[in-house]
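As structure tokens, the structure follows; a few thoughts come after it.
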Amino acid sequence: MYVVTMASRKGGAGKSTLSILLSAMFAHANLRAVLIDCDVGQYTAHVWASQRNGAPPQVVAVEDAAELERAVARARAEQADFCIIDTPAGAAPVTDAAVLAADIVVIPTKCDVADRWAVGTTVEAVEVTGKPFLIVPTEVPARRLGIEASDLRRLRHDLADFDDVLWEGQITDRRAISYDLADGRVPSESDWGGATNKECLALWRRIMDVLQETPPPPGPA
Ligand SMILES: Nc1ncnc2c1ncn2[C@@H]1O[C@H](COP(=O)(O)OP(=O)(O)OP(=O)(O)O)[C@@H](O)[C@H]1O
Ligand SMILES: [Mg+2]
């Protein structure tokens, strides 16, 4: 079982959205994923899952680091293929535990200046563990004629030191994502051929590359 931890010190960076989008992708590849929601007080993923009549991924809400460790052990014992951990913003023991459990840490960031600054502190906290990580631009203005928005070019410029771990793709700012989530769906279920799903698939493949895994390719449900 691989553990993919979503982490960002910055609130609202896109951790929960990305956790849900990625987790749902595993069912399309006939793989079993457990999404562990550590964000006490919000439990975004848990609320989303409550509208899905038990459809995968399985979502488990935990309150602290000890519960998280038990949930990861349970997922492993139940032979899940992947465990995705959504963490709260800020520094917290549960996030430290989630990073320590990770095979890869995904760090979402929007293009705002505060997001760019927060990447540094998140990366520092991950680097001390030696875990591989990938920085993922989220809620990015759409490309025009195939060209990246200036906001993203600026983000790439400012994060040039992390060039090799800054995902070359983007998750674009689309209202339809939150409409899907509000209905207990994900873009891969509502519009498999759509632009958001293409981006999610590209990110999923990039994460598999880091993990050096070649699972069956996801396909429409
Ligand atoms: N690609 C996107 N397009 C449009 N809106 C997005 C996108 N990604 C995230 N958002 C929106 O940004 C807001 C914050 O996203 P999300 O809740 O995923 O962040 P978070 O990092 O989990 O926040 P928190 O730190 O509070 O847990 C939400 O309103 C979400 O709908
Ligand atoms: Mg969240």
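Sequential numbering from 1 along the given sequence is applied to the chain's residues. Remember, it's 1-based here, ligands and their atoms both numbered in the order they're listed.
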Q) Can you find an N or O of S178 that's nearer than 3.5 Å to an N or O of ligand 1? A) no

Q. Any idea which atoms of ligand 1 are less than 4.0 Å away from a heavy-atom of A13?
A. 19 (O), 20 (P), 21 (O)

Q: Determine, for R205 against D209, whether the closest basic-nitrogen to carboxylate-oxygen distance falls under 4.0 angstrom.
A: no

Q) Quick one: do the T196 and R174 side chains pair a donor with an acceptor below 3.5 Å? A) yes

Q: Identify the protein heavy atom lying closest to atom 19 (O) of ligand 1, giving its residue, its atom name and the separation to 0.1 Å.
A: G14 N, 3.0 Å

(Q) V105 vs I107, test: side-chain contact (heavy atoms from CB on, under 4.5 Å). Steps then yes/no. (A) CA-CA 6 Å; V105 181; I107 305 175; 4.1 Å; yes

Q: For atom 26 (O) of ligand 1, state which one of R174, R175, K10, Q42 supplies the nearest heavy atom.
A: Q42

Q) Which ligand 1 atoms are under 4.0 Å away from a heavy-atom of I171? A) 1 (N)

Q: Find all atoms of ligand 1 within a distance of less than 4.0 Å from any non-hydrogen atom belonging to G11, and give their numbers and elements.
A: 25 (O)

**Q.** Spacing of CG belonging to D103 relative to NZ belonging to K131, to within rounding of 0.5 Å
**A.** 6.5 Å

Q) Between atom CD1 of I171 and atom CD of E139, what is the distance when rounded to the nearest 0.5 Å? A) 11.5 Å

(Q) When you measure from the Mg ion (ligand 2) to the N, O or S atoms of S16, does any of those distances fall below 2.8 Å? (A) yes

Q: State whether the shortest distance between N or O atoms of G12 and N or O atoms of ligand 1 falls below 3.5 angstrom.
A: yes

Q: Distance to 0.1 Å, residue and atom name: give those for the protein heavy atom nearest to atom 18 (O) of ligand 1.
A: T17 OG1, 2.6 Å

Q: Could you grab the distance from atom CG of L159 to atom CG of L152, nearest 0.5 Å is fine?
A: 9.5 Å

Q) With a 3.5 Å cut-off and no angle check, do the side chains of T172 and E199 form a donor-acceptor pair? A) yes

(Q) Test of understanding: given a 4.0 Å heavy-atom threshold, classify the contact between K15 and ligand 1 as side chain, backbone, both, or neither. (A) both

Q. What atoms in ligand 1 come closer than 4.0 Å to a heavy atom of A89?
A. 25 (O)

Q) How far is atom 11 (C) of ligand 1 from its nearest protein heavy atom, and which residue and atom is that? A) E139 OE1, 3.5 Å

(Q) As an exercise, state the distance from CG of L134 to CG of L166, rounded to the nearest 0.5 Å. (A) 8.0 Å

Q) Is any N or O atom of K110, backbone or side chain, closer than 3.5 Å to an N or O atom of ligand 1? A) yes

**Q.** Side-chain ion pair, R185 and D183, N-O less than 4.0 Å
**A.** yes

Q.
If we count only non-hydrogen protein atoms and require a distance under 4.0 Å, does atom 4 (C) of ligand 1 qualify as touching the protein?
A. yes

Q.
Any protein heavy-atom neighbour for atom 29 (O) of ligand 1 (distance below 4.0 angstrom)?
A. no

(Q) For the OG atom of S23 and the CG atom of L31, what is their distance to the nearest 0.5 Å? (A) 12.0 Å

Q | Closest to atom 27 (O) of ligand 1 among D39, T87, I177 (heavy-atom distance) | A | D39

Q) Which value, rounded to the nearest 0.5 Å, describes the distance between I177 atom CD1 and L21 atom CG? A) 6.0 Å

Q.
Between D86 (side chain only) and S19 (backbone N and O only), is there a donor and an acceptor less than 3.5 Å apart?
A. no

Q | Element-labelled atoms of ligand 1 that are located less than 4.0 Å from some non-hydrogen atom of D173 | A | 3 (N), 4 (C)

Q: Just say parallel, tilted or perpendicular for the rings of H28 and W192, cut-offs at 30° and 60°.
A: tilted

Q) For ligand 1, which atoms have a heavy atom of T172 less than 4.0 angstrom away? A) 1 (N), 2 (C), 3 (N)

Q. So, does T44 sit close enough to ligand 1 that a heavy atom of it is under 4.0 Å from the ligand?
A. no

Q: Consider every N or O of T138 and every N or O of ligand 1, then say whether any pair is closer than 3.5 Å.
A: no

Q: Identify, by atom number and element, the atoms of ligand 1 in contact range of S16, meaning under 4.0 Å from any of its heavy atoms.
A: 18 (O), 20 (P), 22 (O)

(Q) Using a plain distance cutoff, I'd like to know if P88 has any nitrogen or oxygen under 3.5 Å from a nitrogen or oxygen of ligand 1. (A) no

